[in-house]
Amino acid sequence: IGQFAMKYKAGQTLICTYAASNAYTVGKEYNVFDHPKEGLSVRGNDELHDSLALIISKFKLKEEPKEVKDVRPILDKQES
């Protein structure tokens, strides 16, 4: 398995940063899934799956929004 494939896991979302072919679009999101024969893969615009171990296009992991804690109770306490 290529090092690229090992960085990701099934269920994550990748964003294309460089499209080596018309199978992918820069800025578009693609979901990682575990193909039974090819391992971790993404499905391109052509609806074909591509193994992350062999893919030439470049991707980055979509950052999940971080949970923001509500600090109002703390601020209210300090004002009292």
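When reading the values below, keep in mind they use all heavy atoms of this one structure, side chains included, and skip hydrogens, waters and symmetry mates. Predicted, not measured: the structure shown is a model, and the values here were computed from it.
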Grab the two heavy atoms, one from Leu40 and one from Val32, that are nearest each other, plus how far apart they are. CD2-CG1, 4.0 Å
So, for Phe59 and Thr17, which heavy atoms are closest and what is the spacing to 0.1 Å? N-OG1, 3.8 Å
Is a donor on one side and an acceptor on the other found under 3.5 Å between the side chain of Ser57 and the backbone of Ala20? yes
Identify the heavy atoms of Tyr8 and Lys60 that sit nearest to each other, and give their distance. OH-CA, 4.0 Å
Any side-chain to backbone donor/acceptor pair from Glu38 onto His35? Under 3.5 Å, distance only. no
Among all residues two or more places apart in sequence or in another chain, which pass the side chain to side chain donor-acceptor pair (under 3.5 Å) test with Asn31? Thr13
Honestly curious: do Leu52 and Ile56 fall in one hydrophobic cluster under the side-chain, below-4.5 Å linking rule? no
Let me check something: do Tyr30 and Phe33 share a hydrophobic cluster, defined by ILVMFWY side-chain heavy atoms less than 4.5 Å apart, either directly or through other members? no
Counting only N and O atoms by type, is there a donor-acceptor contact under 3.5 Å from the side chain of Tyr24 to the main-chain atoms of Arg43? no
Note: Lys28 and Asn45 closest approach over all heavy atoms is NZ-OD1, 3.0 Å
Minimum heavy-atom separation for Ala10 to Asp34, with atom names? CB-N, 4.0 Å
If the condition is side chain to side chain contact (heavy atoms under 4.5 Å, CB included), which residues does Leu54 pass it with, not counting sequence neighbours? Ser51
With rounding to the nearest 0.5 angstrom, report the NZ to CG distance, Lys58 to Leu14. 13.0 Å
Separation between CD of Glu29 and CD of Gln12, rounded to the nearest 0.5 Å: 13.0 Å
Minimum heavy-atom separation for Ala23 to Asp46, with atom names? CB-OD2, 3.8 Å
State which residues pass side chain to side chain donor-acceptor pair (under 3.5 Å) with Ser21; sequence neighbours excluded, sorted by chain then number. none
